[in-house]
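For reference, the structure is listed below as structure tokens.
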2 protein chains.
Amino acid sequence: MTLNKTTEYALTILGFMATRNENMYSAEYLHNQLNIPRRYLRRLLTDMSKHGFLKSTSGRNGGFVFDRDLKEISLAMIINTIEGSDAIFTCILGFSCCIVDKPCIMHDSWMEARSKMVDTLSNTTLADLKEKYQLDLIRNLKLL
Amino acid sequence: MTLNKTTEYALTILGFMATRNENMYSAEYLHNQLNIPRRYLRRLLTDMSKHGFLKSTSGRNGGFVFDRDLKEISLAMIINTIEGSDAIFTCILGFSCCIVDKPCIMHDSWMEARSKMVDTLSNTTLADLKEKYQLDLIRNLKLL
DNA sequence: TGTAAATACTACAAAAAGGTAGTAATATAT
DNA sequence: ATATATTACTACCTTTTTGTAGTATTTACA
Ligand code: FES
Ligand code: FES
């Protein structure tokens with residue numbers, strides 16, 4: 001139901017980066033913008049680089065940029081990367097995973113609910129968020 | 001996405017108790033049936049009593065029974081009781097909760113997915129699980 | 001060439017979640 | 001009455017998650 005903090009941070013960071021138009025994001029800058037603990041955020045950023053979401057540049061004026069097309073990064077991928085690829089598919093009663101031939105009593109209720117959620121998270125990419133953000137911006141400007 | 005272990009245990013226990021027809025369940029019996037760590041399970045059972053789901057009887061031949069009609073207990077209630085009533089409603093980016101006038105960029109995607117899930121969990125009661133279990137039993141007997 | 005601004009690595013510390021131990025209290029059966 | 005089977009309470013231990021510290025490395029710029 002709840003994501004762990006690290007996953008929330010990852011979504012926050014990538015979501016933020018996807019919707020702005022800087023050409024480089026330093027850990028310090030992201031820390032100031034997002035209020036995520038400095039050192040923890042740094043570690044997370046290097047993790048994201050190792051996982052291929054970001055590309056890092058060391059040294060002065062260094063920082064992070066996306067290493068993939070935003071269309072290629074879904075929310076589900078981010079979550080899976082950090083929580084483990086099938087955290088999302090575990091049985092609600094904690095059986096290692098949902099087994100088709102021996103489902104638990106809650107399986108049916110749970111599957112129906114979950115599959116909707118998984119679909120949405122799989123089908124929403126960072127590019128979608130960017131688009132939405134731009135549209136929201138325009139809408140707000142027109143209201144002024 | 002994932003429930004914490006304690007919540008899984010709670011669902012397992014209440015789901016089990018709801019679908020069997022014993023008139024009393026001791027911690028020891030539940031431990032044997034469900035493989036949940038003895039002492040932790042005990043503590044959880046007394047918690048459930050305090051929260052009004054179960055009624056406990058001390059002493060020899062004691063144990064636990066439901067203190068409410070199964071129709072009155074939804075999966076969402078169980079989850080809320082243990083994870084905190086709005087764990088299910090938190091912002092996916094970790095903002096304290098989803099604020100209508102200042103939603104985060106992921107709010108729309110997330111709400112859509114989540115509301116389906118919340119609906120299902122709110123509308124499924126232990127009575128529903130019991131009914132399902134009985135039907136499954138009958139179906140299996142006929143297959144023999 | 002030296003200083004400053006950045007990431008990288010490793011180890012540790014603190015907090016939260018999960019799990020255990022000991023003992024007291026309660027009720028039943030013999 | 002006493003032994004036994006049960007829950008209740010409190011404190012502690014272990015593991016996982018979250019957060020911090022120190023130091024090395026890389027690169028730009030003056
Ligand atoms: S087997 Fe439990 S939810 Fe699928
Ligand atoms: S404000 Fe973030 S999901 Fe609603």
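- For DNA chain C, the residues of residues 19-33 of chain A within the heavy-atom distance limit of 4.0 Å (strictly under) are A/Ser26, A/Ala27, sorted by number.
- Checked by atom type and distance alone, the side chain of B/Arg68 pairs as donor or acceptor with a backbone atom of B/Gly52 at under 3.5 Å.
- Between A/Asp128 and A/Lys132 there is no salt bridge, since no side-chain nitrogen of the basic residue lies less than 4.0 Å from a carboxylate oxygen of the acidic one.
- Rounded to whole Å, the distance from CG on B/Asn4 to P on D/dT18 is 12 Å.
- Taking the side chain as every heavy atom from C-beta outward, B/Met48 and B/Thr81 never approach each other to under 4.5 Å.
- Judged by distance alone, with hydrogens and angles left aside, the side-chain atoms of A/Thr19 form a donor-acceptor pair with the main-chain N or O of A/Phe16 at under 3.5 Å.
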Go through the steps to decide whether B/Arg43 and B/Asp47 satisfy the test salt bridge (charged side-chain N to carboxylate O under 4.0 Å, His left out), and finish with yes or no.
CA-CA 6 Å; B/Arg43 221 166 54 176; B/Asp47 276 9; over 6 Å; no
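- B/Phe66 is listed as a side-chain neighbour of B/Leu70, based on a closest heavy-atom distance under 4.5 Å.
- One atom, OH of A/Tyr9, and another, P of D/dT18, lie 8 Å apart when rounded to the nearest Å.
- For the pair A/Gln134/A/Asn21, a side-chain contact is recorded, criterion being any heavy-atom separation below 4.5 Å from C-beta on.
- For A/Glu83 (side chain) and A/Asn4 (main-chain N/O), a donor-acceptor pair under 3.5 Å exists by modelled atom type.
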Dump the pairs, protein N or O against N or O of nucleotides 20-24 of chain C, anything under 3.5 Å, distances to one decimal.
unit_1: C/dT20; atom_1: O4; unit_2: B/Arg43; atom_2: NH1; d: 3.1
unit_1: C/dA21; atom_1: N7; unit_2: B/Arg39; atom_2: NH1; d: 3.1
unit_1: C/dA21; atom_1: N7; unit_2: B/Arg39; atom_2: NH2; d: 3.4
unit_1: C/dG22; atom_1: N7; unit_2: B/Arg39; atom_2: NH2; d: 2.9
unit_1: C/dG22; atom_1: O6; unit_2: B/Arg39; atom_2: NH2; d: 2.4

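- Nucleotide C/dG19 holds its P atom 12 Å from the CG atom of B/Asn35, rounded to whole Å.
- Here the P atom of nucleotide C/dA14 and the NZ atom of A/Lys5 are 18 Å apart, to the nearest Å.
- Within 6.0 Å of CG in A/Asn23 there are 12 or fewer heavy atoms belonging to other residues, nucleotides or ligands.
- Residues of residues 48-56 of chain A that place a heavy atom closer than 4.0 Å to DNA chain C, in numerical order, are A/Lys50, A/Ser56.
- For the pair B/Ile82 CD1 and C/dA17 C1', the computed distance is 13 Å after rounding to whole Å.
- Along DNA chain D, the nucleotide closest to A/Arg60 and the one closest to A/Thr6 are compared, and the more 5′ of them pairs with A/Thr6.
- For B/Asn61 and C/dA27, the shortest distance from a side-chain N or O to OP1 or OP2 is not below 4.0 Å.
- Taking atom CD1 on B/Ile13 and atom P on D/dT7, their separation rounds to 12 Å, with Å as the unit.
- Without hydrogens or angle criteria, A/Thr7 side chain to A/Leu3 main chain gives no donor-acceptor distance under 3.5 Å.
- When rounded to the nearest whole Å, the span between CG of B/Leu44 and P of D/dC9 equals 15 Å.
- With values rounded to the nearest 0.5 angstrom, B/Lys116 atom NZ is found 14.5 Å from B/Met111 atom CE.
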